[in-house]
There are 2 protein chains.
Amino acid sequence: MERRKTQSTEEILSTLKDTDFALSHKMIQQRLSIEVDRATIYRVLNRFLEDGIVHRVISENGKQYFALCEDCERNDHHHNHFHFRCNKCGKVECLAREVDIQLPAGYTAENINSLVTGICASCR
Amino acid sequence: MERRKTQSTEEILSTLKDTDFALSHKMIQQRLSIEVDRATIYRVLNRFLEDGIVHRVISENGKQYFALCEDCERNDHHHNHFHFRCNKCGKVECLAREVDIQLPAGYTAENINSLVTGICASCR
DNA sequence: TTTATTATTGCAACACAGTCGCAATAATAT
DNA sequence: ATATTATTGCGACTGTGTTGCAATAATAAA
Ligand SMILES: [Mn+2]
Ligand SMILES: [Mn+2]
Ligand SMILES: [Zn+2]
Ligand SMILES: [Zn+2]
């Protein structure tokens with residue numbers, strides 16, 4: 001189960017590093033300098049997820065967006081921040097503000113997905 | 001563009017009324033006492049959305065869930081509440097707690113989709 | 001360096017959610 | 001009873017994401 005350093009993984013990783021917002025699978029594919037199969041991109045991203053290198057947001061358009069983890073460690077993640085998708089430029093940003101989860105008694109949280117859509121500052 | 005009262009719309013509406021949590025298209029189909037085509041269910045739900053009768057949540061499983069609007073009026077909606085999806089029973093509930101959106105300067109909100117997953121009280 | 005091991009890839013096929021065009025049906029108005 | 005047209009069912013389609021399998025290539029061992 002060891003991980004191998006391949007051209008695909010390196011390319012995808014550096015694409016994520018070069019971008020300050022979250023990317024969908026398709027956005028990633030378009031930014032790659034080499035051609036990588038769709039399935040491979042998904043597999044690489046899912047491996048990154050497992051390894052805690054990236055986190056994933058689901059937008060209300062049904063798509064998955066991936067962004068590098070900032071201050072996460074392997075087993076201590078904190079992705080309880082808001083996300084914002086601009087309806088004009090399509091960018092999905094990680095916002096600084098955290099979501100404070102206050103669930104009813106007896107409820108346990110495992111994952112949070114908070115996304116606000118609207119118009120971003122650059123598009124306004 | 002007037003709306004007609006049909007067996008399908010009545011059935012779907014009463015199904016939503018009978019349930020205190022949000023339903024996916026498939027859950028609705030299974031609860032109907034008559035057979036209604038998939039496409040029709042989607043069209044009815046989208047009409048309900050337009051009319052402000054229901055609101056929609058997107059889960060991180062990529063599916064849409066629909067729930068009756070509680071205190072909404074045609075043009076004054078407030079669906080900025082949290083939702084919770086139980087990983088065991090699959091129920092998607094509307095939580096009472098509201099999401100307070102504080103966006104960066106220059107950002108405008110149009111829609112909010114906040115969903116927490118985990119285990120609900122009945123399943124724990 | 002050569003060989004063996006196996007993680008990763010590409011391709012095709014698949015599953016599934018949601019949408020759409022179109023002709024048939026049925027709810028409402030006349 | 002007739003006309004109008006919103007709604008339906010069906011099939012076809014789109015798009016996202018996953019999976020099986022054989023081929024490829026990264027790493028370890030010889
Ligand atoms: Mn984020
Ligand atoms: Mn709700
Ligand atoms: Zn924008
Ligand atoms: Zn539950």
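We name chains A, B, ... by the order of the sequence lines, and we start the count at 1 in each one. Below, each value reflects all heavy atoms present in this structure, side chains not excepted, and no hydrogens, waters or symmetry copies.
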Check the distance between [N]'s [atom2] and [X]'s [atom1] and give it to me in whole angstrom.
| X | N | atom1 | atom2 | value |
| --- | --- | --- | --- | --- |
| Phe48(A) | dG17(D) | CZ | C1' | 18 Å |
| Glu2(A) | dT6(C) | CD | C1' | 8 Å |
| Asn61(A) | dA17(C) | CG | C1' | 13 Å |
| Leu45(A) | dT9(C) | CG | C1' | 15 Å |
| Ile34(B) | dA26(C) | CD1 | P | 12 Å |
| Glu35(B) | dT25(C) | CD | P | 18 Å |
| Lys5(B) | dT7(D) | NZ | P | 13 Å |
| Asn46(B) | dT19(C) | CG | C1' | 9 Å |

Could you check, using the six-membered ring where one of them is a Trp, whether Phe66(B) and His55(B) have ring centers closer than 6.0 angstrom?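 Centroid distance Phe66(B)-His55(B): not below 6.0 Å, so no.
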Check whether the ring centres of Tyr107(B) and Phe84(A) lie less than 6.0 Å apart, and answer yes or no.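 Judged by ring-centre distance (under 6.0 Å), Tyr107(B) and Phe84(A) do meet the cut-off.
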Output yes when at least one side-chain N/O atom of Lys63(B) is less than 4.0 Å from OP1 or OP2 of dC16(C), else no.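 False: Lys63(B) side-chain N/O out of range (4.0 Å or more) of dC16(C) OP1/OP2.
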Using only side-chain N and O atoms of Gln64(B), determine if any of them is under 4.0 Å from OP1 or OP2 of dG18(C).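 True: Gln64(B) side-chain N/O within range (under 4.0 Å) of dG18(C) OP1/OP2.
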Of all the nucleotides listed ([options]), which has the minimum atom distance to the side chain of [X]?
| X | options | answer |
| --- | --- | --- |
| His25(A) | dG17(D), dT19(D), dT28(C) | dG17(D) |
| Ala39(A) | dT8(D), dT9(C), dC11(C) | dC11(C) |
| Arg4(B) | dA27(C), dT6(C), dT8(D) | dA27(C) |
| Arg43(A) | dG17(D), dC11(C), dT8(D) | dC11(C) |
| Tyr42(A) | dT8(D), dA25(D), dG17(D) | dG17(D) |
| Arg47(A) | dT7(D), dG9(D), dT8(C) | dT8(C) |
| Asp37(A) | dT8(D), dA7(C), dC11(C) | dC11(C) |

Kindly calculate the angle separating the two end axes of the helix from dT1(C)-dA30(D) to dT30(C)-dA1(D), each obtained from five base pairs, and round it to 10 degrees.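 The value is 30°.
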Assign each of Val44(A) and Arg38(A) to its nearest nucleotide of DNA chain C by heavy atoms, then name whichever residue's nucleotide is nearer the 5' end.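 Mapping each residue to its closest nucleotide by heavy atoms, the 5'-most match is Val44(A).
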With nearest nucleotide decided by heavy atoms, which residue, Gln7(B) or Ile58(B), maps closer to the 5′ end of DNA chain C?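 Upstream on the strand: Ile58(B).
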Does the side chain of Glu110(A) pick up a donor-acceptor pair with the side chain of Asn87(B) at under 3.5 Å?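 Yes, side-chain donor-acceptor contact under 3.5 Å.
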Is any NZ, NE, NH1 or NH2 atom of the basic residue among Glu50(A) and Arg3(A) found under 4.0 Å from an Asp or Glu carboxylate oxygen of the other?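 Salt bridge: yes.
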Less than 4.0 Å between a side-chain N and a carboxylate O, is that true for Asp100(B) and Arg97(A)?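 Counted as a salt bridge, because a side-chain N and a carboxylate O are separated by less than 4.0 Å.
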Looking across every strand, which nucleic acid part, if any, lies under 4.0 Å from Ser24(A) by heavy atom: base, sugar-phosphate, or nothing?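 The answer is nothing, as Ser24(A) stays clear of every strand by at least 4.0 Å.
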Name the nucleic acid region contacted by Glu10(A), choosing base, sugar-phosphate or nothing; use a 4.0 angstrom heavy-atom cut-off, strictly under.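 Result for Glu10(A) = nothing.
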Pick the nucleotide of DNA chain D nearest each of Thr9(B) and Thr6(A); which residue has the one closer to the 5' end?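 Between the two, 5'-proximity favours Thr9(B).
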Taking all heavy atoms of Arg85(A) and all of Gly90(A), pick out the closest pair and write down the distance.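 Nearest pair, atom of Arg85(A) first, then Gly90(A): CG-O, 3.9 Å.
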Shortest non-hydrogen separation from Tyr42(B) to His25(B) and the atoms involved: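 Distance-wise, the nearest heavy atoms are OH-ND1, 3.2 Å.
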Looking at CD1 of Ile41(A) and CD1 of Ile28(A), how far apart are the two atoms once the value is rounded to the nearest 0.5 Å?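 One gets 6.5 Å once the value is rounded to the nearest 0.5 Å.
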